[in-house]
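Accompanying notes for the structure given below.
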Protein chains: 2
Amino acid sequence: MRQRRTGRGGGATMEDVAQVAGVSAMTVSRVLRQPELVNKDLRAKVEAAIRETGYIYNLVASSLASQRSGTIALILPTVASSIFSDSVKGVSDVCRERSVQMIMAETNYVPAEEERVIEALLRRRPDGFVIVGVSHTRATRDMLEKSGVPVVETWDATATPIDSLVSLSNFDAMQAMTQALVAEGYRRIAFVGTATRDHRALMRARGYEAGMAAAGLPIPDILAAGDVTSMGSGAAIAEEIMARGDRPEAVVFLNDVLAAGALLAFQRKGLRVPEDIAVAGFGGFDFARHLIPSLTTVDIPRQEIGRRAAQILLDRIEGKAPAGTLHAVGFEVALRESTRRVPR
Amino acid sequence: MRQRRTGRGGGATMEDVAQVAGVSAMTVSRVLRQPELVNKDLRAKVEAAIRETGYIYNLVASSLASQRSGTIALILPTVASSIFSDSVKGVSDVCRERSVQMIMAETNYVPAEEERVIEALLRRRPDGFVIVGVSHTRATRDMLEKSGVPVVETWDATATPIDSLVSLSNFDAMQAMTQALVAEGYRRIAFVGTATRDHRALMRARGYEAGMAAAGLPIPDILAAGDVTSMGSGAAIAEEIMARGDRPEAVVFLNDVLAAGALLAFQRKGLRVPEDIAVAGFGGFDFARHLIPSLTTVDIPRQEIGRRAAQILLDRIEGKAPAGTLHAVGFEVALRESTRRVPR
DNA sequence: TTGAAAGCGCTAACAA
DNA sequence: TTGTTAGCGCTTTCAA
């Protein structure tokens, strides 16, 4: 003869509520999930019993029984920077609207870490994944495909998505920015990217190169920032640029954070922006429009990317959308004071 | 006679692995959780079987059986702004180090929403809560206490924490800032807070008032920003201040985001900072030191707050720390160029 | 060191 | 409309 395990987890269970209400556990479950199927009087009794017992529904048990966890996983390069926070907000808002819990993990821009992180999250049996980026290790793709979990990739473009894709062409966007600067009359345009092999960063660099090539312009050295999420490294790059002999007329940065750090560093050293050096960023962040001079950038619908990705994913999970959905979001080059062409 | 439910969730289970390895499921479980208890050869066999079957451990089932979910919940006012992102990073880092999953929800600074959100998260049976703020509805406190889940509150101070507390005195910090400005020679010092009844914001306002009172200075109208997370509303407040007749010598803002927005708006309108108007923020954010002029602020160990809270919580969950742990974090007034006293 | 049995708290499938 | 039964995939407990 065995004794009861530990006397139970703690709080009331559905069974307890059922006893108090004088019904079966199944009826309690129905009251909670499909109240319209339950007789009104019984429903009231059950609801009273729930209050009386202080019952809190157990989603862990529910997940196991129903084989649906009611969670989606969000994989992003970093949680600490402002870069993805609007996209997180987009996903998070949709999740709340649709009563799903978002669980999040960061990869630090390292594919091997992404692999580890996705494997760890798979153990929690999320109903789907939203992933920032389209470049993954072979093992990551295999794992995801084998698991059969719906996936939406975002913030980048690819011809071979794992499943669905909220597509943003970093190449096109940075090419457009470069061409806009060329149209403004700039010729010696430098680019600041990153040394990490982040695919989105690479695509932006390529877009810049394509923009320069299309205009028949030579491409100066491409500089690499260390930490792409800090203004400090933008400032460090600015120092580097100022220390060189041949100062470019304009510098395009991988993102607005780096650009802002550099813009302020240039000014600190007495350079006038844009008269002495023009500065452009990428991302369309709030602070860009407030800076003096206001920062030219490529405006991206960051929150919308998160929203759309979550919507597509949840629709798919609920069977309301097919696999392999594609949705492209646009971008807009916002020319502002930091690149206003002025006579020299 | 019933048929098997749906032919099973999908992937391999522990039982499948056990069959392949020729052992019992219990042995597989041990290999995964306490490998040192299992014979070396058997262990190797089981590990091979895991690889062969592509088995992915199911934490949902594990959580239900063990009555521990391996997750902690993080409740914060907003996820979209930079204000808490370092604290999120702190919690998130500790969680990764200790193999725990963080789940997050936002309250939008509204206590009733906090109540809803906490109840929703309780259904997932987190092993503990980290909560930003110490002001909660009665029902929230009751729920949390009744659930018996360890709680760590943060980012504020209180004499009556629910359980543990990583304490930061917003009152003291803002009082110190105010006194520092007085010491610099400022007299007509205004304060910009918020109309929401956020407790931390309130404490900062009170700290400012105390600082002014201690110096025997009158308190001008306290202005209220709408959205405390956007530079735009800082700029709007700046407009309001400039439109008034009696311009203050210095303005202290609830946080650095508002201060930065205002600082730039002042400059746009031709005011010199700090000569015409001095500006101070709160929070010690990265961008504050880069602005021109660099922004005076109260430096808070934001990431450390997250780390400590998570550590205390996890220690408590593992029985390595007592309930009701108190940990106070400090702050530092960073006087920078935006409040450098200059002769008029 | 290994295994068998009995749940954890819920839901799917079926029956009444 | 309500209830019964049999799991979901794991861990706890006990026995060997």
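Values reported hereafter were calculated over all heavy atoms of this structure, with side chains retained and with hydrogens, waters and symmetry mates removed. The chains referred to below are lettered A, B, ... by the order of the sequence lines, with proteins before strands, and numbering in each begins at 1. Given the structure is predicted, the values throughout are model-derived calculations rather than measurements.
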In this structure, how many angstroms lie between the [atom2] atom of [N] and the [atom1] atom of [X], rounded?
X	N	atom1	atom2	value
B:Tyr57	D:dC10	OH	C1'	7 Å
B:Asn58	C:dC10	CG	P	17 Å
B:Glu36	C:dT1	CD	P	10 Å
A:Lys45	D:dT2	NZ	C1'	13 Å
A:Gln34	C:dC10	CD	C1'	14 Å
A:Gln19	C:dG9	CD	P	14 Å
B:Tyr55	D:dG9	OH	C1'	7 Å
B:Arg43	C:dT1	CZ	P	10 Å

Between [N] and [X], is there an OP1 or OP2 to side-chain N/O distance shorter than 4.0 Å?
X	N	answer
B:Arg68	D:dC10	no
A:Thr27	D:dT2	no
B:Gln67	C:dG9	yes
A:Ser24	D:dG3	yes

**Asked** Start at the 5' end of DNA chain C and walk down; is the nucleotide closest to A:Ile56 or to B:Leu37 reached first?
**Response** B:Leu37
Checking all strands, does [X] fall into the base, sugar-phosphate, or nothing category for heavy-atom contacts under 4.0 angstrom?
X	answer
A:Leu59	nothing
A:Val23	sugar-phosphate
A:Val38	sugar-phosphate

**Item:** 5' precedence on DNA chain D between B:Met26 and B:Leu64 (nearest-nucleotide basis)
**Value:** B:Leu64
**Request:** Look at the side chain of A:Asn39 and decide which nucleotide, out of C:dT11, C:dT2, D:dT2, has an atom nearest to it.
**Result:**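 That would be D:dT2.
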**Request:** Taking only the side-chain heavy atoms of B:Met14 (C-beta and beyond), determine which of D:dC8, C:dA12, D:dT11 contains the nearest atom.
**Result:**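 My answer, after comparing the listed nucleotides, is D:dT11.
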**Prompt:** For the residue pair A:Met104 and A:Val79, what are the closest heavy atoms and their distance?
**Reply:** CE-CG1, 3.3 Å
**Request:** Assign the ring pair A:Trp155 / A:Phe84 to parallel, tilted or perpendicular, where the plane angle (0 to 90°) is split at 30° and 60°.
**Result:**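 Perpendicular, since the angle between the ring planes exceeds 60°.
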**Message:** Working to the nearest 0.5 angstrom, can you tell me the gap between A:Phe129 CZ and A:Leu74 CG?
**Reply:**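 Separation between the atoms: 10.5 Å.
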**Asked** Between B:Asp315 and B:Arg98, is there a side-chain N and carboxylate O pair less than 4.0 Å apart?
**Response** yes
**Message:** Under 3.5 Å, is there any donor-acceptor pair linking the side chain of B:Arg30 to the base of C:dG3?
**Reply:**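 By the distance-only test, yes, there is a pair.
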**Asked** Do B:Met102 and B:Val88 pass the side-chain contact (heavy atoms from CB on, under 4.5 Å) test, and can you show the C-alpha distance, the side-chain angles, and the key distance before you say yes or no?
**Response** CA-CA 9 Å; B:Met102 178 189 85; B:Val88 172; 3.9 Å; yes
